[in-house]
Amino acid sequence: MNCPRLMLSVCVLACLAGTPALAQRAAPTAVARTEAQAPLSAEQRAAAVAAVVLAVENRYVFPDRVPAIRDRLNEGLASGRYDTADAGVFAQRVTADLRESSRDGHMYLNHDPAQYAAAAGSEAEPEDNPAFQAIWAAAARRSNNGLTEMRILPGNVRYLRISQFHWVADRTGQAYDDAMRFMRDGDALIIDLRGNGGGDHAAVRYLLSHFMEPDKLDITFLEAGKDPVQSRTLDNLPAGRLHGKPLYVLISPQVGSAAEAFAYDVQQFRLGTLVGATTAGAANNNTFVPVAPGFILSVSYGRPVHPVSGANWEEVGVSPDVAVDPATAQDTAALLALKTLLARAEADPADRADWAWAETGIEGRLHPATMTPARLRTLAGTYGGRVILFEQGKLFWRRASGQKVALVPMAAEGLFTAEGLDDRLRLRLTGEALEMHWVDEPAPSRFERD
């Protein structure tokens, strides 16, 4: 985890009613600008470091690492490394030392006066603190509970982007129900977690339950001196379960904590295929401690154990099943999905034609064809009154309206897509004829060269 502020400002991983919070926090949200902060004094810096050390000594999940953390923080104070009047810079420097000495992505200090005020005003843990709950609920509302995008990709591959695993009681479940009803009618499913820094285990469990049988052990949370807490899949799902559909989950190095938990579940339970790059490696459960003046400390107090591996993803991350640049992960996953669907011998011919059309389009994006200007020039001409121009090293289709549309090569044998138009139409130029292929027509329209 090389970004000190990877984790989001609104997530505590609340597990089951009546159990302790199991937090895995994500990336910070925007906050309202306030008046210029007061300079941080030497006395305030010393007191803040002392408070952080005390919280680590009292709460940190791995006691054997506490001396190294304490020594690193005290050395940072004594050496002058924390000598700054800027509270944000101070928090970044303390975070860097917390991370390096603990090797724990959930150890960090944020300057967040609003969260500090919420935490300092109550002795309750964050999940029982109404002021904290209000901050998290507001962020969840503005992002549709983290379910930020739903699309139907070509070939009826359903796509869902989850930017964060929010959970607000009596609200978030309804948002997931709507999303799962949308996904249920897809031929294959893609869940995009790229950039998702984590969130609330309740949301992870709710999502995961749609892909597993009810009452299956998902994960066990351990905390020193307390009984283990089990998380199990849910019985009642208003949208029903999504069994039997190819599932692909997109991951990246910015995927952390609760988002990693879902990816890890998909891999360990063999529910689908992970596509992208290895995740951040932040598995521990964290809680939040107010540190004056205006700071919030995240400190790990527990750890998860998966029933399949007997371990978790701390420090190592979750590795993809198909390693690709995260920027191309969506197309790669969609292509894998379409190939899987096309391999079904019993598929409906109309569905198969739709999948094959979509497959060609993705292949063209992932492996764009290159055609020399000399070759393109030979294809320019008039075909049954339809004019293809060669200009500036490219081919253009001059439509009846006079509009010129660039043709983008999809395959070396002369298949093109029309830039700016939807992918329902493709053109094939052989030199002797122009073929216009429409997605909903069984055969192309052919026009001989004039």
Side-chain angles (χ1 to χ4, degrees), residues 1-3 6-7 24 26-27 99 103-106 148-149 151 153-155 157-165 183 186-199 204 207-208 211 219 245-284 304 306 308-343 355 358-370:
M1 306 260 296
N2 50 18
C3 177
L6 173 66
M7 308 270 140
Q24 293 174 314
R99 291 270 174 85
R103 309 188 310 278
D104 186 330
H106 282 109
T148 54
E149 187 177 356
R151 285 191 285 145
L153 304 180
V157 176
R158 299 292 173 102
Y159 169 94
L160 171 64
R161 172 160 173 71
I162 306 178
S163 63
Q164 185 183 340
F165 282 103
M183 297 292 277
D187 296 337
L189 312 177
I190 294 176
I191 296 178
D192 188 352
L193 300 182
R194 291 173 297 178
N196 184 325
V204 174
L207 175 62
L208 178 68
F211 301 96
I219 207 159
K245 295 180 183 293
L247 172 65
Y248 300 84
V249 177
L250 313 185
I251 58 175
S252 69
Q254 294 75 36
V255 172
S257 104
E260 290 179 282
F262 180 73
Y264 196 74
D265 282 330
V266 167
Q267 190 172 71
Q268 294 295 316
F269 290 126
R270 300 183 182 277
L271 304 176
T273 302
L274 304 184
V275 182
T278 301
T279 62
N284 294 328
H306 198 274
V308 176
S309 67
N312 61 46
W313 56 97
E314 181 68 21
E315 295 191 64
V316 297
V318 185
S319 299
D321 301 307
V322 179
V324 296
D325 185 334
T328 64
Q330 180 182 318
D331 272 343
T332 300
L335 184 60
L336 291 170
L338 293 166
K339 289 183 180 299
T340 297
L341 294 169
L342 284 164
W355 299 333
E359 179 189 35
T360 301
I362 296 173
E363 288 278 16
R365 288 196 300 274
L366 286 176
H367 311 291
T370 57

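Counting begins at 1 with the first residue of the sequence. Just so you know, these numbers come straight off a predicted model, no measurement behind them. These values consider heavy atoms only, across backbone and side chains, with no hydrogens, waters or symmetry-generated copies.
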Report task. Could you name each residue pair satisfying salt bridge (Lys or Arg N to Asp or Glu O under 4.0 Å) that touches residues 334-343, not counting sequence neighbours? Result -> Lys339-Glu359, Lys339-Glu363
Requested in this report: Classify the angle between the aromatic ring planes of His306 and Tyr264 as parallel (below 30°), tilted (30 to 60°) or perpendicular (above 60°).
Outcome: perpendicular
Query - Closest approach of Trp313 to Pro304 (non-hydrogen atoms, all atoms of both residues) - result: CH2-CG, 4.1 Å
Query raised in the report: In Å, rounded to the nearest 0.5 Å, how long is the span from CG of Leu274 to CG of Leu247?
Result: 8.5 Å
Report task. Kindly state each residue pair satisfying salt bridge (Lys or Arg N to Asp or Glu O under 4.0 Å) with at least one member in residues 320-337, sequence neighbours excluded. Result -> Asp331-Arg365
Query - Leu338 CG to Ile362 CD1 distance, which is reported to the nearest 0.5 Å - result: 5.0 Å
Report summary line: When every non-hydrogen atom of Val204 is compared with those of Asp265, the smallest separation belongs to CG1-OD2, 4.4 Å
Report task. Write out all pairs satisfying salt bridge (Lys or Arg N to Asp or Glu O under 4.0 Å) with one or both partners inside residues 246-255, taking only residues at least two apart or from two chains. Result -> none
Query raised in the report: What's the shortest heavy-atom distance between Val318 and Glu260, and which atoms?
Result: CG2-O, 3.8 Å
Query - Distance, nearest 0.5 Å, that separates OG1 of Thr279 from CG of Asn196 - result: 11.0 Å
Query raised in the report: Quick check: does any side chain N or O of Glu314 sit under 3.5 Å from a backbone N or O of Ala283, one acting as donor and the other as acceptor?
Result: yes
Query raised in the report: Who passes side-chain hydrogen bond (donor to acceptor under 3.5 Å, both in side chains) against Asn312, sequence neighbours left out?
Result: none
Output side-chain donor-acceptor pairs under 3.5 Å for residues 186-194, partner residues at least two apart or in another chain, one line each.
unit_1: Asp187; atom_1: OD1; unit_2: Asn156; atom_2: ND2; d: 3.2
unit_1: Asp187; atom_1: OD2; unit_2: Trp355; atom_2: NE1; d: 3.0
unit_1: Asp192; atom_1: OD1; unit_2: Arg194; atom_2: N; d: 3.0
unit_1: Asp192; atom_1: OD1; unit_2: Arg194; atom_2: NE; d: 2.9
unit_1: Asp192; atom_1: OD2; unit_2: Tyr159; atom_2: OH; d: 2.6
unit_1: Asp192; atom_1: OD2; unit_2: Arg194; atom_2: NE; d: 3.3
unit_1: Asp192; atom_1: OD2; unit_2: Arg194; atom_2: NH2; d: 2.7
unit_1: Arg194; atom_1: NH1; unit_2: Pro326; atom_2: O; d: 2.6

Report summary line: Distance col, row Arg161:CZ vs Leu250:CG, nearest 0.5 angstrom, shows 9.5 Å
Requested in this report: To the nearest 0.5 Å, tell me how far Lys245 NZ sits from Leu341 CG.
Outcome: 9.5 Å
Report task. Go through Phe262 and Phe165 one step at a time and tell me if the side chain to side chain contact (heavy atoms under 4.5 Å, CB included) criterion holds. Result -> CA-CA 10 Å; Phe262 180 73; Phe165 282 103; 4.2 Å; yes
Requested in this report: Compare all side-chain heavy atoms of Leu208 with those of Leu271 and state whether any distance is below 4.5 angstrom.
Outcome: yes
Query - Nearest heavy-atom neighbours spanning Ala277 and Pro253 - result: CB-CD, 3.9 Å
Query - Non-hydrogen atoms of Val324 and Ala329 that approach each other most closely - result: CG2-CA, 3.9 Å
Report task. Verify, without hydrogens or angle tests, whether Ser252 (side chain) and Gly195 (backbone) share a donor-acceptor contact under 3.5 angstrom. Result -> yes
Requested in this report: Please name all residues satisfying side-chain hydrogen bond (donor to acceptor under 3.5 Å, both in side chains) with Gln268, sequence neighbours left out, ordered by chain then number.
Outcome: none
Query raised in the report: If only atom types and distance count, is the side chain of Gln267 paired as donor or acceptor with the main-chain N or O of Ser319 below 3.5 Å?
Result: yes
**Report entry** Residue pair Ala358 / Gly155: nearest heavy atoms and the distance that separates them
**Finding:** CB-N, 3.7 Å
